[in-house]
2 protein chains.
Amino acid sequence: MSRILSTGPLPGSRKSYRGDLHVPVREIELTTGEVVERYDTSGPYTELGYVPDLVRGLPAPVRSRNHPTQLLAARAGEITTEMAYVAAREHLPAELVRDEVAAGRAVIPANVNHPESEPMIIGKRFLVKVNANIGTSAVTSSPAEEVEKMVWATRWGADTVMDLSTGPRIHETREWILRNSPVPIGTVPIYQALERVNGDPTALTWDVYRDVVVEQCEQGVDYMTVHAGVRMEYVPLTVGRKTGIVSRGGSILAAWCLAHHRENFLYTHFDALCEILRAYDVTFSLGDGLRPGSVHDANDDAQLAELRTLGELTKVAKQHGVQTMIEGPGHVPMDKIAENVRLQQEWCDEAPFYTLGPLATDVAPGYDHITSAIGAAMIAWHGTAMLCYVTPKEHLGLPDRDDVKAGVIAYKIAAHAADVAKGHPGARAHDDQLSDARFEFRWADQFALALDPETAQSFHDETLPAAPAKTAHFCSMCGPKFCSMRISHDLRTTYADEIRRAAGALAPRTDAVPGAQPDAVPGAQPDAVPGATSAEVAYAEAGMAAMSAEFRAAGSRIYLPLEPRTGDSPEPRAEGSVGPRGEG
Amino acid sequence: MSRILSTGPLPGSRKSYRGDLHVPVREIELTTGEVVERYDTSGPYTELGYVPDLVRGLPAPVRSRNHPTQLLAARAGEITTEMAYVAAREHLPAELVRDEVAAGRAVIPANVNHPESEPMIIGKRFLVKVNANIGTSAVTSSPAEEVEKMVWATRWGADTVMDLSTGPRIHETREWILRNSPVPIGTVPIYQALERVNGDPTALTWDVYRDVVVEQCEQGVDYMTVHAGVRMEYVPLTVGRKTGIVSRGGSILAAWCLAHHRENFLYTHFDALCEILRAYDVTFSLGDGLRPGSVHDANDDAQLAELRTLGELTKVAKQHGVQTMIEGPGHVPMDKIAENVRLQQEWCDEAPFYTLGPLATDVAPGYDHITSAIGAAMIAWHGTAMLCYVTPKEHLGLPDRDDVKAGVIAYKIAAHAADVAKGHPGARAHDDQLSDARFEFRWADQFALALDPETAQSFHDETLPAAPAKTAHFCSMCGPKFCSMRISHDLRTTYADEIRRAAGALAPRTDAVPGAQPDAVPGAQPDAVPGATSAEVAYAEAGMAAMSAEFRAAGSRIYLPLEPRTGDSPEPRAEGSVGPRGEG
């Protein structure tokens, strides 16, 4: 059974744990000897030699939970084990975690009945998180296959997984996922409720729904999408839309409201719902049932009316001590993205925003991981705390294994790009490590540091599969003669003195502060500006011929050899210095 | 020989031409009978039954060119044939085209010796354009294969193609490409100049370079990347970088400057260069030889010093009457993207900006079409006029056919997302047409309207290959029972009266103007807000039971049946109404 699971470390990585709290990290040992760390979501499945047992599930550490919810504990000034854990995981102070949770600006989705999950935090002051949706539908997939999808998604970096199963074995599938998941699991309870009434939305009742919620809380679901903001009176606001109601839960509840001519039972029973979720510390993910399904419908009356209601419900949930985040669109053109975050933050008391994409355009079915990664990166930069992935199959069919990976990687890109743009502490270190490896032609390190080491290496192998190419100072894009990095490197390795002299004699008296006056062109001499003459500019010639001869004698390379860094193995690049370089 | 070319129309499309100027369009006939148009870059290759002759090349219409350059003609108030052509192509007034060209805010790259090319315009007031790089390297590819890459790239929407060949048959390859290209061709002449001196940057001379430029102008190259802004004194500014100089031309010229201890010969001979380009109306693409190669190096002193110099050179080129655009980075985190455009526009007199990506993060080699599509969409929204694509193979190897397509599609997405965000006239119509098709379950129309009809259809075929599924009112993502669009559609098709009554009785007195007060929650009644009580909210019950019964009797569907639009074939959706819908 375990053979269907993707286990073992990623290429170039090893799984490790830190401290008493056993906080997971992915360690990457570079060829320089340096070891760098990555936030890790993959659970024990990436341990070397780990043998999973799907029936027993993951080991479940006992954590003392003597508080009703993380929110109430934080308000009481307590730093829970989970807070300490996520603080260590994010390299941030535990007090910051506590204060953000207390203010409702962050949530730690951790059902008391899901001890297998490694605590994580969702909030704008922390790393941007990514959710991956999985789940059986009526026609596909077994529970074990869904466990593999969860393992596969978290292997590539999914921070939470939503089980959107709608098939006949919905309880069993969820049980398998929960018992084997190292990440929080979210659900949309109305799907199971609808199964209970044989798929007829009008037959839904509060009692049926409540029973489903209690069942899922008991099982250990960490957060639940609840479309309590789809009020009956907002349904008519969707009539002028291009794409009506595109949320499944939203459309089901709209049908119910109109069939019964009554207010949404999730809205009218919201207090009761809060009491249930509070008892298990389940986090609300207040669903945007009226989210836009096309850029045409973005930021329209229906969407914003619901968002205001979600703001009201956030306050209610927080009064009950229930952690709450808010779901967001969907399909939004770039110019309306910032506004989405601004209104959500203002109306929902800065509760964490959790958006699906959004797609920045509707014209590319088959590529909606890309159309939406654009919107996702931007909305996360503006303050969204978690991004729900979109796969290439969106709008067209059920994602397979490759689609799940494509979606997760696209969203890890979007999330990380946002962390970098936000200046999140330590985020750019990943980029810098990879850029160093790139500039120093440490190909193996580039692959290991990549979000997807396997794809990076396989692309390189396509044209230069031989082992020596992995230390060569060029790649097949430009070949040895045209490799700018090689030339640039050569410049730097040989002629540091030359560069220093040039810098001293010629460096422009400028700072590149944006907004400096355009007429202060750095170093420009009036007589050196083309337009005055087409003859060669008069230039200080003194000493140049001699310096030039010296430069050529040394092989026409310019900077100093790179000094091995402290801690580097001696001469780490010796191997790469032979061979192709001689051909340049 | 022609068998290696990708010819024939895209699925669901046909090639057509408009008016006396024979302006190409792609027509898509929808199943509703409506015919929509797309901007088309693919040349005659997508005509039905077109038989290419690579040796003779494309037919070359004779256009009267009695002006030296488009810029000088525009300044003289003339509307050239090319201006009229691009105006028709973009559905914008010819006067706007002329005025933008006259101001130097737009360029029409059209060498007098490249009559095979269909005129197009690059400027921020027009559709955002996409360039695809192709070209042989020392180890790969024949000229005919490069022609196919060009045909393939333009088939998917590349607006221009740069031939970056560096191999032994560089002149011959370019000749084949030019004679067969319906789009402007760009080059980087220093690559050929370097071949002339056997790959030794220090052996380059102005004479060698000038001869290459003249040769390429004679052949018909439409725009040329010239790294005239890499001044010797800026080279030391790159010493503190993570990734040095990553432009091939930039690194070659930096090596030359330091070897000779002389100013860049392209800078000192810039006037002479202007005179040559002016004679053929070749457009400058002033290269950013010191662009950042990592997010670490973005917006640094070296980059901005060069940009200021490019601003000076722009003024010089324009004095000579030479059309000019400015190349830009590269690698830029999201928070520094807007600043790039602002400074470029300010310092370069609003000359069109032409950027490579930029990549918003460095951590995902193998996925740099995505990391850069994020940056590209944003920078185009801020005013970049043309985007140079990045393929998944960037940094790792030479792109193959699949990579070229992946790069072009990712960049068409970015460009279009920017057009939509900018509110470019007519841009969102594409999204709306596709959204209409989606909401009305016209699957065949969705595929035909997609940027890549083949991929969209093949993804749908994976789970629902049967023909009836192409008109079914659901897809495999959710199945019939959970399809929100089907439910939403059902709501709308049956119970319009109900909706109208609900709208009249219950519609919130709200406008969704951003910034409206959060306490003005639309339609909220104090006693309807959860938190006051967990009992069901007191609601106006009068008449509800009767209305509810009426609704159920009609099948629990709510909106009016869709009226066929004017011009639609009668009952276009009759086919889709049978079958699966009955199962919901």
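Chain identifiers are assigned alphabetically (A, B, ...) following the order of the sequence lines, protein sequences preceding nucleic acid strands; residue numbering begins at 1 within each chain.
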| Nearest heavy-atom neighbours spanning B:Trp381 and A:Met378 | CZ3-CE, 3.4 Å
| Is the closest side-chain heavy-atom distance between B:Phe459 and A:Leu398 below 4.5 Å? | no
| query | Does the B:Asp431 side chain pair with the main chain of A:Asp362, one donor and one acceptor, at a distance under 3.5 Å? | reply | yes
| field | Distance, nearest 0.5 Å, that separates CG of B:Asp335 from NZ of A:Lys422 | value | 12.0 Å
| query | In terms of heavy-atom pairs under 4.5 Å, which option from B:His331, B:Arg428, B:His430, B:His369 contacts chain A the most? | reply | B:Arg428
| said: With a 4.5 angstrom heavy-atom cut-off, is it the side chain or the backbone of A:Ala228 that approaches chain B, or both, or neither? | reply: neither
| request: Output the option from A:Leu449, A:Asp400, A:Val363 having the highest count of non-hydrogen pairs under 4.5 Å with chain B. | output: A:Val363
| For A:Asp297, is it the side chain, the backbone, both, or neither that has a heavy atom closer than 4.5 Å to a heavy atom of chain B? | neither
| field | Best-contacting candidate, A:Glu462, A:Lys336, A:Arg438, A:Glu275, against chain B by heavy atom pairs under 4.5 angstrom | value | A:Arg438
| field | Contacting moiety of A:Ile413, where chain B heavy atoms sit under 4.5 Å | value | both
| request: Specify which of A:Cys274, A:Gly423, A:Ala417, A:Pro333 makes the most heavy-atom pairs with chain B at under 4.5 Å. | output: A:Ala417
| query | Where is the tightest heavy-atom contact between A:Pro365 and B:Gln446, given as atom of each residue plus distance? | reply | CG-O, 4.3 Å
| query | Among A:Gly293, A:Gly375, A:Pro392, A:Gly311, which residue forms the greatest number of heavy-atom pairs with chain B at distances under 4.5 Å? | reply | A:Pro392
| message | Does any backbone or side-chain atom of B:His296 lie under 4.5 Å from a heavy atom of chain A? Answer side chain, backbone, both or neither. | response | both
| task | Using non-hydrogen atoms and a 4.5 Å limit, figure out which bit of A:Ser247 sits close to chain B: side chain, backbone, both or neither. | result | backbone
| request: Compare every heavy atom of B:Met334 with every heavy atom of A:Ala421, then report the nearest pair and how far apart it is. | output: CB-CB, 3.7 Å
| said: Looking at chain A, which one of B:Ala360, B:Ser294, B:Ala377 has the largest number of heavy-atom pairs inside 4.5 Å, strictly under? | reply: B:Ala377
| Proximity breakdown for A:Leu434 and chain B, heavy-atom pairs closer than 4.5 Å | side chain
| request: Quick one: closest heavy-atom pair of B:Ser435 and A:Thr243, and the distance? | output: O-CG2, 3.7 Å
| said: Quick check: closest heavy atoms across B:Ala410 and A:Ile370, and the distance to 0.1 Å? | reply: CB-CD1, 4.3 Å
| message | Show the nearest heavy-atom pair for residues A:Ile374 and B:Ala414, with the distance to one decimal. | response | CD1-CA, 4.3 Å
| task | Might you work through the side-chain contact (heavy atoms from CB on, under 4.5 Å) test for B:Leu451 and A:Tyr367, ending with a clear yes or no? | result | CA-CA 9 Å; B:Leu451 280 186; A:Tyr367 298 83; 5.9 Å; no
